[in-house]
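Notes for the one structure printed next.
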Amino acid sequence: MELAVDRQRTGVQPPRVDARALPLHLDVQLFSSGLGAGITRPPGCHVAAQQLINTPRLLPAWQPNWGPVKSIGVSFPECPVAESPTTDSFGSNLDGAFDVPEPGPQASPHAKSLSRGRARNKTTRISVPTDALSITDRLFYLLQPPIETLLSGQELVMPFEPFPFQYHGIAWLFSQGSALLADEMGLGKTMQAISALRLLMRAGQIRSVLLVCPKPLITNWQRELQMWAEEIPVVAIEGPSARRRMLWEMPNVPVKVANYELLVRDLEMIGEDDFPAFDLLILDEAQRIKNRESRTNQAAHSLKRHRSWALTGTPIENRPSEFVSLLEFLGAVPDHSVTDIRQLNRLANKYVLRRTKDRVLKDLPPRLDREELLELTPAQQTAYVTAEQEGIVRLDELGESITIQHVFELVLRLKQICNYDPLTGQSCKMDRLAAEIEEISDSGGKAILFSQWTKSLDWMNQKLQHFRPLIYHGAVPSSRRDAVLERFRRDPDCPLLLMSYGVGAVGLNLQFAGYVFLYDRWWNPAVEDQAINRAHRIGQQNPVLVTKFICRNTIEERIDKVLQQKRELFQAVLGDSEMSNASLSLDAQDIFGLFELKAGHGDQLRSITPPSIENG
Amino acid sequence: MNGPAVNSRAFRIGFLASLETDDGAFVAGLLVTNRYGRPLEFQCTSPVRPTHAQQLLYGETLRPFLLGELMGRALLDRLGSPPDLLVTDNDHILDLRHHIAIPMARVEPQADDSTGPTTAPPLGRVRMGRRILSIHSAHETDIAALHHGATQVTADADLQEPIERVRQALAETLQGQQSGNPSGTRS
């Protein structure tokens with residue numbers, strides 16, 4: 001329907017309405033939708049497998065950017081690992097499936113005794129040397145295992161368990177490029193040095209070692225190296241020059257042993273430039289280079305090496321300058337340095353390791369010293385008084401021309417008379433000695449006797465034949481010396497060994513002897529101590545009785561007093577004392593002081609002393 | 001002279017440890033030794049300090065991720081020669097095992113007594129030297145590597161000790177870096 005309305009009321013025509021009819025018919029079409037069947041059909045159910053991830057991701061898919069991780073790397077020198085021939089695997093407890101016997105590789109009996117004797121929790125770490133500045137150098141030392149671990153493993157079988165202080169010494173040497181091991185005699189400097197060089201070789205730090213020692217100690221070092229580092233090939237430099245040259249250049253022998261005299265000769269023969277360089281140079285009894293001007297000192301200095309170790313129980317025999325000489329060898333001070341006691345103390349703290357028996361060997365049987373003050377026999381007394389009076393008169397007559405040699409000759413003469421009267425053979429010392437040896441022999445003990453003179457020793461040898469004494473001094477060929485010591489060790493019928501200070505005082509292990517006699521006195525107490533310590537050292541089971549024969553009212557008594565005063569110097573340099581005196585042994589001043597010498601005539605007499613002459 | 005036989009390639013053990021600095025940074029170190037504890041190679045990271053956002057995002061998983069997946073794996077990647085067994089005393093580091101193919105074990109915290117093994121270790125644990133080691137629970141096959149390792153180390157070996165060495169070395173490197181000595185650092 002359509003409706004039109006004209007709303008204009010103001011128009012001409014009235015509004016008109018038109019109406020029109022429209023049809024209401026709508027077309028309807030029907031289609032089949034299928035809805036009815038869907039309503040009546042039951043719903044279907046389908047199952048599909050879905051793979052789950054193994055590890056649920058707890059992190060968001062987005063990850064923060066961490067950036068690259070920086071690192072520092074240290075590689076250790078490639079070194080072979082020595083496996084013991086007897087190494088075997090040891091069982092573990094396999095989930096408790098079975099009991100396991102004593103764990104661990106099949107160690108040698110020595111190694112087993114080693115681990116038994118050691119407190120397991122006790123470890124000795126290698127310290128970082130003060131001159132290791134770079135982080136890689138410091139890490140090298142920090143990451144080394146404890147010494148006990150190295151030594152107790154199958155790599156390094158040791159014949160005996162080291163003492164804790166020896167572990168410390170080994171660790172100290174290991175980390176020292178320059179070191180003076182100054183342990184008191186008998187504390188095992190040899191063993192510590194060998195073990196440290198052995199570890200350095202295993203760590204790939206050294207490949208060639210030169211060990212220089214006094215000639216009589218060559219065989220001793222060979223024996224010790226065999227005992228403590230049996231896997232390291234060793235050669236002793238000896239024989240004709242052509243052979244020695246060949247030995248110096250011999251490859252694949254990492255340790256060479258030479259004596260001081262040969263070193264000097266061969267260095268001249270081969271020449272410094274052509275002489276082989278060594279990773280490690282060890283000077284045993286390093287006091288041999290105490291004299292800065294000696295050829296031995298200069299030879300040792302000129303050797304090309306990376307590490308320098310000096311071993312000596314007496315870094316100062318006479319005066320602090322000897323210690324400075326050792327420091328020069330170590331490179332601790334420039335050559336020809338002048339240092340005071342305070343500086344030496346400071347240097348000692350850095351470069352010197354010294355332990356004494358009383359501090360580290362609480363269990364070592366004590367050393368009992370006794371001074372036997374004896375009266376000269378009548379014949380000795382007569383000879384002594386005559387010699388002394390004549391000698392002093394002669395010295396007085398020399399006046400200003402007197403030298404140390406003149407006084408020295410008199411001292412020696414008087415000391416010899418104290419030993420025995422050359423005319424009659426009377427000797428208060430021999431009388432006492434014979435009685436002592438009788439008792440020692442009866443009790444199955446063994447005694448060592450030291451004298452300054454081979455002549456006195458030979459004389460005693462004759463006098464004491466019924467005790468079958470053995471003799472060991474410079475006149476005994478080197479090839480026979482080991483046999484002498486071995487017989488003394490083994491033969492129960494040989495209770496007495498007669499030794500000279502010069503040959504017998506150093507490097508020998510005679511701890512089976514319980515008695516030491518100092519028939520006459522050496523010029524400085526350090527050498528006497530070295531001699532005594534042949535017996536009073538590690539391994540000694542019994543107290544060591546040390547008898548010093550001193551003839552009353554003689555030069556010996558005066559020497560003894562001076563020596564007593566001199567002992568303190570050692571502590572002055574290596575200890576805390578402020579003492580700055582200069583000599584441990586008798587120097588010229590001391591020797592002159594043994595006599596009251598005057599020069600002049602009548603009322604013009606005046607005391608005389610030498611200028612600053614040193615007694616070498 | 002009859003010397004012992006020489007074998008230059010033998011069982012290697014890696015010891016992985018970490019330190020946390022006072023300011024919240026982490027450093028990790030990896031020491032590879034032979035079966036006697038002798039060092040062969042060492043790697044350590046420079047300090048890594050997670051941001052606050054990272055701490056929030058990672059939550060409890062921060063340390064396993066940081067010490068294991070991030071730092072531990074980086075150290076392993078830089079080794080010249082990988083170890084046969086990786087040992088740690090840190091549970092977080094042990095999770096590194098998820099990301100590497102090398103067997104790992106953790107040193108049990110309590111020290112073994114010094115008289116030797118008198119009792120069997122519990123299931124899943126193996127005695128190596130003087131210590132008891134355990135494996136990651138998700139990697140049971142590692143037990144075989146531990147049994148093999150037990151035949152390689154000495155009876156009195158202390159497998160905690162090298163870990164302490166690593167920590168000492170980490171402290172040393174931290175000290176060096178604080179004093180401005182970056183020598184040897186590489187990225």
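Reckoned from all heavy atoms, side chains included, excluding hydrogens, waters and symmetry mates.
- Neither the backbone nor the side chain of B:P47 comes within less than 4.5 Å of any heavy atom of chain A.
- Shown here for A:L142 and B:A169, the closest heavy-atom pair between the two residues is CD1-CA, 4.2 Å.
- Proximity to chain A (any heavy atom under 4.5 Å) is shown, for B:L30, by neither the backbone nor the side chain.
- Within 6.0 Å of NE2 on B:H99 lie more than 12 heavy atoms contributed by other residues, nucleotides or ligands.
- Heavy-atom minimum distance, A:S75 versus B:E41: OG-CG, 4.2 Å.
- Proximity to chain B (any heavy atom under 4.5 Å) is restricted, for A:L139, to the side chain, taken from C-beta onward.
- Of all heavy-atom pairs between A:P145 and B:P39, the closest is CD-CD, 3.6 Å.
- Across all their heavy atoms, B:A74 and A:V69 have their closest contact at CB-CB, 4.1 Å.
- The contact between B:E161 and chain A is made entirely by side chain atoms (from C-beta outward), counting heavy-atom distances below 4.5 Å.
- In this structure, the portion of B:L62 lying under 4.5 Å from any heavy atom of chain A is its side chain and not its backbone.
- The side-chain heavy atoms of B:E172 and A:I135, taken from C-beta on, include a pair separated by under 4.5 Å.
- Chain A forms the most heavy-atom pairs under 4.5 Å with one residue out of B:G59, B:A157, B:C44, and that residue is B:C44.
- Remark: the A:Q144 side chain and the B:R165 side chain contain no N/O donor-acceptor pair separated by less than 3.5 Å.
- Distance check: B:Q175 CD to A:R138 CZ gives 7.5 Å after rounding to the nearest 0.5 Å.
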